[in-house]
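Convention: sequence-line order gives letters A, B, ...; per-chain numbering from 1. Just the heavy atoms: all of them, side chains too, but no hydrogens, waters or symmetry mates, feed the values below. Note that the structure is a prediction, hence the values are computed from the model and not measured.
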Amino acid sequence: MDYKATLNLPRTDFPMKADLPRREPEILRRWEELDLYGRLRVKGLNRPRFLLHDGPPYANGHIHLGHALNKILKDIIVKYRQMMGWDCPFVPGWDCHGLPIEHQVDKELKSQGLSLSLVEVRRRCRAYAERFIDIQREEFKRLGVLGDWEHPYLTMRPAYVAAILREYGKFFFSGAIYRSRKPVHWCATCLTALAEAEVEYEEHRTPSIYVKFPVLKTAWPVVARAAKAALVIWTTTPWTLPANLAIAVHPDYDYAAVQVGEEVLVVAADLAPGLLAHLGLKGEVLETRRGRDLEGLLCRHPWLERDSRVILAEYVTLSAGTGLVHIAPGHGQEDYDSGLRYGLSPYSPVDDHGRFTPEVPEFAGQNVWEANDGIIALLRSRGALLKAETATHSYPHCWRCKEPIIFRATEQWFISLDKNDLRRQALKWIDKVTWIPKWGRDRIYNMVENRPDWCISRQRAWGVPIMAFHCQGCGGAFLTPEILERLLARVAQEGADFWFTEEPAHLLPPGTACPNCGGTAFRKETDILDVWFDSGVSFAGVLEADPELGLPADLYLEGSDQHRGWFHSSLLAAVGTRGMAPYRAVLTHGFVVDGEGRKMSKSLGNVISPQEIIAQYGAEILRLWVTAEDYRDDVRLSPAILRQLADAYRRFRNTIRFMLGNLADFDPARDYVPPAAREELDRLALSWLAQITDRVRKAYLDYEFHLVFHRLHQFCAVELSAIYLDILKDRLYILKPDSPVRRSAQSTLLDLLEYLLRLLAPILSYTAEEAWAQLPPRPRPESVHLADFPAALTGFPDEALLAKYDFLFMVRGEINREMDLAKKAKVVAAAPEARVLLGVAAEAAAHLTVLQQQAPELKTLVQVEHLEIRPGPLPEGRAGVELPWLTVRIEKAPGEKCVRCWYHRPGVGEDPAHPQLCRLCRQVLGV
RNA sequence: GGGCCUAUAGCUCAGUUCCGGUCAGAGCGCACGCCUGAUAAGCGUGAGGUCGUUGGUUCGAUUCCAACUAGGCCCA
């Protein structure tokens with residue numbers, strides 16, 4: 001007879017093979033049909049709000065793993081907070097303006113030989129952004145990220161643009177905005193400023209000259225005493241010499257005064273010998289001095305009626321030149337920074353076409369490149385030239401016309417960090433914000449403390465125009481609240497395109513006069529705003545604008561690069577306009593790197609895309625990855641790590657599947673046994689469940705998701721699969737279906753599942769949902785995401801029970817060790833066929849009593865029918881490893897094996913009708 | 001070059017955090033077995049680490065300090 005059919009084996013429709021790439025989209029559809037996000041909003045009414053404000057990704061390209069990491073982390077937080085009782089609206093957004101898109105559009109237009117109007121370019125940029133917003137939206141949704149995807153915020157929407165300009169106006173009217181010159185990359189052919197990304201470096205031949213700056217005044221005696229003394233600089237851009245305002249030395253390098261004929265020349269001491277030889281000079285070092293002691297030394301410009309002062313700069317190197325650097329603050333970034341430090345103006349007497357202005361009478365009107373020769377000749381005639389040669393080196397060129405570019409100071413707009421105390425207030429607010437991890441505080445603090453004023457202007461087309469007017473009469477820029485509001489009324493309706501086409505007379509109210517000089521002729525500002533200003537005011541454009549949201553946000557969550565980016569601009573903008581930080585807490589994650597910890601790059605060929613992972617493994621594996629790794633550091637991903645995660649996923653899935661399978665005949669309404677009335681082992685499992693629930697809740701709240709993963713994974717693998725579920729099989733399979741003891745087990749399985757699925761839902765959102773639908777029917781929300789997070793069951797954990805079993809599991813460990821040897825020696829094939837003999841040494845008499853009392857529990861734990869405990873060591877037994885007072889021996893159990901339950905239990909062979917069954921099995925079958 | 005960060009078994013992580021001395025752990029993977037009534041599953045046992053390197057403080061450091069190396073982010 002086939003007794004196997006009489007067992008209660010697991011049955012379930014929950015498949016072992018997940019087939020996630022196919023199944024996930026189905027679940028996604030179910031959520032949409034259910035309007036899960038809308039249902040959550042209803043559920044959240046009257047709950048305390050937890051606001052995670054989405055930082056807008058740039059609407060360009062497909063999403064990469066960094067996006068996936070970021071959005072999944074946000075999704076986990078939104079989901080667990082919602083399940084824990086908060087109301088968590090999540091409004092995703094996109095950053096739409098800016099150079100990368102404009103650059104792409106420019107490239108397309110260029111390849112088509114098109115030259116379009118600004119408004120037409122902007123229209124194409126808008127279409128480009130929209131295209132990628134749609135692409136990214138689908139990709140984010142596919143990750144399982146829940147949010148208001150139908151109503152995201154876009155920084156290019158008219159209402160948002162109006163919000164940007166309103167915040168700009170607040171700065172403007174507070175007097176924090178000023179205009180000043182700052183060097184930018186400039187193409188004199190295309191007549192445009194270039195961003196760093198539009199600059200290509202190519203080999204270029206330039207002059208290379210050594211120039212003397214005569215010393216006027218110094219406290220260095222050997223130099224002061226000399227009849228003639230000069231500092232020697234080296235430059236490859238002679239044309240910047242008319243704008244020279246200083247000479248930089250390194251504070252820690254030594255500089256030598258070298259007697260050369262009648263003259264004393266100053267150069268870096270380490271370079272002196274080589275330089276003299278190169279210049280064809282003979283000389284003798286008189287004395288050396290530290291660079292820092294030269295600060296303030298005064299020189300004369302080689303031909304202009306102007307002084308040039310020695311300043312200190314850390315960026316001076318000895319790798320080329322003389323160790324003394326010619327500084328033209330209007331023609332170089334470092335020069336400019338030094339200029340700011342020393343109060344030098346960014347002087348730049350060069351016009352848009354790259355020609356000298358009349359400020360340089362000798363070369364006025366000449367193109368700077370052509371003027372190089374004249375300048376060299378002038379230096380020679382002045383006796384200031386030590387040597388002129390040519391050099392080839394890497395030099396920036398325009399991406400568009402391929403001509404060499406120049407660095408030139410142009411008028412820019414700035415937000416002052418010190419006007420209105422912005423810097424100090426921002427620093428104060430940094431200390432009121434919770435930074436996770438806490439070193440984030442130091443990082444942003446140092447940046448804000450040391451950063452220069454915020455340059456908010458860009459000479460581009462795709463962005464929010466800086467709305468201001470320039471008086472043709474006095475040249476002053478002006479804007480009034482009335483004028484701005486008038487403009488904003490239009491912007492909010494139609495966007496800002498009109499600014500680019502309409503004349504000032506149409507934009508200004510009739511009769512407008514310059515508040516400064518009364519002039520009535522105006523010019524529009526043509527610059528646009530830095531995109532960091534766009535996203536930096538999202539607290540106004542999104543949080544304040546939506547009554548469902550609000551300011552401040554509870555959390556901003558982005559990669560650690562955003563200490564410089566969005567966290568930074570948002571802080572300055574909010575402190576500057578609201579006098580507060582826009583966030584209560586800021587959480588940062590690291591970057592995605594490969595299995596060796598190296599950054600992913602096309603050149604290294606180690607890039608993995610989320611799309612290929614989703615296609616091969618499913619989004620669930622990506623979510624598991626985000627959870628398993630400690631995101632505070634860099635996050636590694638490699639094919640091997642993915643395989644490991646897939647293994648971990650299978651463990652979760654099979655554990656769930658097994659439990660579901662054993663609930664096939666379970667009707668909660670009819671069969672559920674209250675926890676207190678259950679078998680002891682079931683109550684032990686509930687104690688474990690209570691512990692894990694507690695720990696997992698805490699790990700979620702502490703944002704330590706990797707602990708959530710590890711604890712739940714271990715719980716499934718060890719406490720459930722290896723111990724509880726394994727032991728439970730006998731009870732579940734062998735007994736009568738409606739045996740109270742079996743119902744006790746099933747009730748526990750249901751509890752375990754309902755808890756486990758909810759604890760997993762923020763992470764394995766798809767799988768938890770799939771399994772939730774397979775649970776035995778009982779009143780519960782239609783989606784696991786609509787359920788509340790479980791709290792520990794009352795009465796659990798049972799500490800006494802846990803302590804009792806701690807000891808029993810140690811004994812079980814010793815038995816298992818011996819059982820393994822017994823199986824290998826073919827004494828038994830499986831535990832139910834074994835008889836376990838335990839000997840307890842005389843000195844451990846207390847253990848003997850306990851063991852004898854708890855022998856039934858121990859039998860259950862090691863799944864044997866025959867267990868004997870004897871005083872004194874067993875002569876043929878083996879001593880325990882961890883319990884040396886214990887000796888263990890495994891023998892073949894007496895009697896025959898029952899073919900149904902596989903135990904050597906009494907009664908086999910008694911009944912001629914069922915000679916292969918034990919008494920228990922015959923009882924169960926009623927024969 | 002500067003600011004901030006990271007470095008524990010093959011992999012992912014605990015832990016030693018503010019008081020340095022049962023803190024060298026877990027899971028996975030791997031190896032060797034068992035089972036075939038979770039079966040492209042399940043169970044048992046076992047082998048793996050001088051806690052990045054080098055110094056210093058200390059009776060004693062993986063844990064404190066410094067330097068270095070490697071890697072990451074942001075600047076320059």
Side-chain angles (χ1 to χ4, degrees), chain A residues 3-12 14 16-17 250 313-317 333-334 337 437 439-447 449-451 559-565 568 588-599 624-625 627-630 632-638 640-648 650-651 653-662 704 706-707 709-718 721-723 725-730 732-734 812-813 815-826 828-833 862-863 881 900-902:
Chain A
Y3 294 110
K4 183 171 170 178
T6 68
L7 295 167
N8 317 302
L9 295 179
R11 284 181 283 123
T12 176
F14 186 81
M16 176 177 284
K17 185 164 165 26
H250 195 291
E314 302 276 346
Y315 53 78
V316 173
T317 71
Q333 184 60 44
E334 290 178 330
D337 293 338
W439 50 256
R441 180 264 174 206
D442 292 339
R443 189 165 173 172
I444 193 167
Y445 194 96
N446 289 339
M447 286 177 186
E449 194 173 31
N450 296 313
R451 65 159 293 155
S560 60
D561 56 333
Q562 298 303 326
H563 287 114
R564 188 64 177 183
H568 194 115
T588 52
H589 56 78
F591 275 66
V592 182
V593 294
D594 71 11
E596 271 70 54
R598 276 167 219 286
K599 75 168 96 185
L624 211 49
W625 163 69
T627 315
E629 302 255 344
D630 183 350
R632 291 167 294 201
D633 193 7
D634 289 327
V635 178
R636 295 187 179 208
L637 187 60
S638 65
I641 291 174
L642 283 171
R643 281 195 293 276
Q644 179 178 341
L645 290 165
D647 282 341
R650 250 174 255 125
R651 172 62 79 174
R653 186 172 184 93
N654 283 328
T655 306
I656 291 166
R657 178 171 184 268
F658 178 76
M659 292 196 279
L660 285 172
N662 283 103
E704 305 216 278
H706 60 291
L707 298 186
F709 168 85
H710 281 281
R711 282 168 184 171
L712 286 176
H713 184 250
Q714 186 153 349
F715 183 65
C716 285
V718 181
S721 272
I723 300 175
L725 299 180
D726 200 48
I727 294 169
L728 222 49
K729 287 174 194 169
D730 291 331
L732 290 167
Y733 296 171
I734 295 166
R812 178 182 187 255
I815 296 171
N816 277 345
R817 234 187 300 278
E818 200 56 29
M819 190 74 75
D820 185 56
L821 295 173
K823 287 177 187 172
K824 282 179 177 162
K826 305 288 181 197
V828 293
E833 300 172 13
V862 295
Q863 295 162 279
V881 174
R900 183 168 177 275
C901 70
W902 292 346

- Query: With centres under 5.5 Å and planes under 30° as the test, does W902(A) stack with G37(B)?
  - Reply: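 The ring of W902(A) is stacked on G37(B).
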With heavy atoms under 4.0 Å as the rule, sort [X] into base, sugar-phosphate or nothing.
X       : answer
R451(A) : nothing
Q714(A) : sugar-phosphate
G590(A) : nothing
R900(A) : base
M16(A)  : sugar-phosphate
R643(A) : nothing
A829(A) : sugar-phosphate
M447(A) : sugar-phosphate
A640(A) : nothing
V828(A) : nothing
E596(A) : nothing
H563(A) : nothing

For the pair made of [atom1] in [X] and [atom2] in [N], what is the distance, rounded to whole Å?
X       : N      : atom1 : atom2 : answer
N654(A) : U39(B) : CG    : P     : 8 Å
R653(A) : C28(B) : CZ    : C1'   : 20 Å
H589(A) : G72(B) : NE2   : P     : 18 Å
D630(A) : U8(B)  : CG    : C1'   : 14 Å
D633(A) : U6(B)  : CG    : C1'   : 4 Å
L7(A)   : A38(B) : CG    : C1'   : 14 Å
D647(A) : G29(B) : CG    : P     : 5 Å
N8(A)   : A38(B) : CG    : P     : 13 Å

Nearest 0.5 Å, please: how far is [atom2] in [Y] from [atom1] in [X]?
X       : Y       : atom1 : atom2 : result
T655(A) : H713(A) : OG1   : NE2   : 8.0 Å
Q863(A) : I815(A) : CD    : CD1   : 11.5 Å
H568(A) : D561(A) : NE2   : CG    : 13.5 Å

Between [M] and [N] - [atom1] atom distance, rounded Å:
N      : M      : atom1 : result
G33(B) : A14(B) : C1'   : 30 Å
C32(B) : C13(B) : P     : 29 Å
A24(B) : G42(B) : C1'   : 31 Å
G48(B) : A38(B) : C1'   : 30 Å
C59(B) : U69(B) : P     : 31 Å
G27(B) : C68(B) : C1'   : 34 Å
G3(B)  : G20(B) : P     : 27 Å
G60(B) : G71(B) : P     : 35 Å

What about [X]: does its side chain form a donor-acceptor pair under 3.5 Å with the base of [N]?
X       : N      : answer
S721(A) : A38(B) : yes
K17(A)  : A40(B) : no
K823(A) : C35(B) : no
D820(A) : G44(B) : yes

Any side-chain heavy-atom pair from [X] and [Y] closer than 4.5 angstrom?
X       : Y       : result
R632(A) : E704(A) : yes
L660(A) : R657(A) : no
Y733(A) : N662(A) : yes

[N] - base-pair partner by Watson-Crick or wobble geometry, distances under 3.5 Å:
N      : value
G60(B) : none
C30(B) : G46(B)
C23(B) : none
U69(B) : A7(B)

Of all the nucleotides listed ([options]), which has the minimum atom distance to the side chain of [X]?
X       : options                : answer
R443(A) : C4(B), C43(B), U12(B)  : C4(B)
D442(A) : C4(B), A14(B), G27(B)  : C4(B)
W439(A) : C5(B), C73(B), G37(B)  : C5(B)
R657(A) : U39(B), A38(B), C74(B) : U39(B)
A628(A) : G27(B), U12(B), G72(B) : U12(B)
K599(A) : U12(B), G27(B), G72(B) : G72(B)

Under 4.0 Å from OP1 or OP2 of [N]: is there any side-chain N or O of [X] that close?
X       : N      : value
R651(A) : G42(B) : yes
K4(A)   : U36(B) : no
R598(A) : G71(B) : yes

- Task: Hey, which sits more toward the 5' end of RNA chain B by its nearest nucleotide, G440(A) or R564(A)?
- Result: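 Looking at the nearest nucleotide for each, G440(A) comes out on the 5' side.
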- Query: Of R632(A) and N816(A), whose nearest nucleotide on RNA chain B comes first from the 5' end?
  - Reply: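 First, find each residue's nearest nucleotide; the 5'-ward one identifies R632(A).
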- Message: As a test of the definition: with a 90° window around 0 for syn, would you call G37(B) syn or anti?
- Response: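 For G37(B), whose glycosidic angle is more than 90° from 0, the conformation is anti.
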- Lys/Arg cation over aromatic F14(A): R653(A), 6.0 Å, 45° cone: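 Satisfied, under 6.0 Å and within 45°.
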- Looking at N654(A) and M16(A), what are the two nearest heavy atoms and their distance?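 For N654(A) and M16(A), the tightest heavy-atom pair comes out as OD1-CG, 3.4 Å.
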- What heavy-atom pair brings P437(A) and T588(A) nearest, and what distance separates the two atoms?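 Of all heavy-atom pairs spanning P437(A) and T588(A), the closest is CD-OG1, 3.4 Å.
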- The single option from D726(A), L725(A), L732(A) passing side-chain contact (heavy atoms from CB on, under 4.5 Å) against K729(A):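 Only one of D726(A), L725(A), L732(A) forms a side-chain contact (heavy atoms from CB on, under 4.5 Å) with K729(A), namely D726(A).
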